[in-house]
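Only one structure is covered here, and it is reproduced in the block below.
Residue numbers run from 1 in the order of the sequence given.
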Amino acid sequence: MAREEDYKSTLRRLQAALVRTQAAAMESGRKILVVLEGRDAAGKDGVIKRITEHLSPRNTRTVSLPKPSDRQETEWYFQRYVSHLPAAGEFVIFNRSWYNRAGVEPVMGFCTPKQHTQFLKDAPGFERMLIESDIQLVKYWLDISKHEQAQRLDSRREDPLKQLKVSAMDGEAQRRWKDYSKARDSMLLHSHADHAPWFCVRNDHKKAGRLALISHLLHRVAPSGIADEVDKPDAAVLFPFEPAALKDGRLAK
């Protein structure tokens, strides 16, 4: 009970800091963009819910795009994402993003190898354009173990309240685990840059992951007077990507 109370108390303080941060962003016209990526059942929906729970609905948007239309298939790949970028005073979270082309699309054969390679080449330049347009971009990769993913996918199938999360792709997540690991590694290596770094969250323990991510986000986007009041995230849970993490056990293989 004490641990649960500690979690709720800490979460409430972080959410209050998010509210103050958004108020400051609305006043100053700052544009905040968060990209959340991760394996199926990595906990993206849960952390988004806690981030947005008390924020302004008018100035906060969560973007989770469906399969592209036939027309969108012929557009510049990044084109359909551009209209969802934040304007002044807005806070936008992408629950999966243009990085579909670095993960599910190549693994499932939804794009060609040439398209995948071109994306990995283009993504850093696209993100530089966003940053040079005064968008503050923060990118997170939520990582979980294969065993934990299997348990969460089983839980979805058994819980009547989670039936809308059940997908035919769930089984592929486990069957193609190694392929997804390879795609993740390539994505992180090619798109991690000084101007748009990746931050990795070890999210087998959802509550610890949520607190670490929100704490880190505040240190990235909050005014200094607010960020200084927030504890830094647990380095064992959240860390900046580096190639060594692909081999030393910090990221699941």
For residues 205-213, dump all side-chain donor-acceptor pairs below 3.5 Å to protein atoms at least two apart in sequence or in another chain.
unit_1, atom_1, unit_2, atom_2, d
K207, NZ, E4, OE1, 2.4
K207, NZ, E4, OE2, 3.4
R210, NH1, Y7, OH, 3.1

Is [Y] close to [X] at the side-chain level, that is, under 4.5 Å between some pair of heavy atoms?
X	Y	result
I51	F91	yes
I32	P86	no
C200	D143	no

Hey, any chance [X] and [Y] share a hydrophobic cluster, counting ILVMFWY side chains that come within less than 4.5 Å of each other, even indirectly?
X	Y	result
Y81	W141	yes
I48	L85	no
V138	V47	yes
V35	L120	yes
V34	L14	yes

message = Among residues at least two apart in sequence or on other chains, which ones pass side chain to side chain donor-acceptor pair (under 3.5 Å) with R80?
response =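 For R80 there are no side chain to side chain donor-acceptor pair (under 3.5 Å) partners, ignoring immediate neighbours.
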Which distance, rounded to the nearest 0.5 Å, do you find between the [atom1] of [X] and the [atom2] of [Y]?
X	Y	atom1	atom2	answer
Q22	N59	CD	CG	5.5 Å
Q136	I131	CD	CD1	9.0 Å
D134	E132	CG	CD	9.5 Å
L218	K232	CG	NZ	13.5 Å

request  = Give every residue pair that meets the salt bridge (charged side-chain N to carboxylate O under 4.0 Å, His left out) criterion with at least one member in residues 14-39, sequence neighbours excluded.
outcome  =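 Qualifying pairs, neighbours excluded: R20-E229.
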message = Tell me every residue that passes side-chain contact (heavy atoms from CB on, under 4.5 Å) with R176, counting only those two or more places apart in sequence or in another chain.
response =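 By the side-chain contact (heavy atoms from CB on, under 4.5 Å) rule, R176 matches V107, M108, E172, D179, Y180.
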message = Can you classify the ring geometry of F199 versus H216 as parallel (below 30°), tilted (30 to 60°) or perpendicular (above 60°)?
response =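 F199 and H216: tilted rings.
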request  = Grab the two heavy atoms, one from A17 and one from V230, that are nearest each other, plus how far apart they are.
outcome  =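 That closest heavy-atom pairing would be CB-CG2, 4.3 Å.
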request  = Quick one: list whatever passes ring pair (Phe, Tyr, Trp, His ring centres under 6.0 Å) with F119, sequence neighbours left out.
outcome  =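 So F119 forms a ring pair (Phe, Tyr, Trp, His ring centres under 6.0 Å) with Y77, F78, Y99.
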task = Go through the structure and list residues passing ring pair (Phe, Tyr, Trp, His ring centres under 6.0 Å) with H219, not counting sequence neighbours.
result =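 None.
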Side chain E90, main chain A87, donor-acceptor under 3.5 Å =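 Judged by distance alone, yes, a pair lies under 3.5 Å.
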inquiry  = Please check: side-chain N/O of H195 versus main-chain N/O of P124, any donor-acceptor pairing under 3.5 Å?
reply    =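 It does hold such a pair.
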ask   = So, do W98 and F126 have ring centers that fall under 6.0 Å from each other?
value =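 When the ring centroids of W98 and F126 are compared, they turn out to be within the sub-6.0 Å range.
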Pair [X] + [Y], salt bridge at N-O below 4.0 Å:
X	Y	answer
K49	E53	no
R250	E242	yes
R96	D40	yes
K253	D185	yes

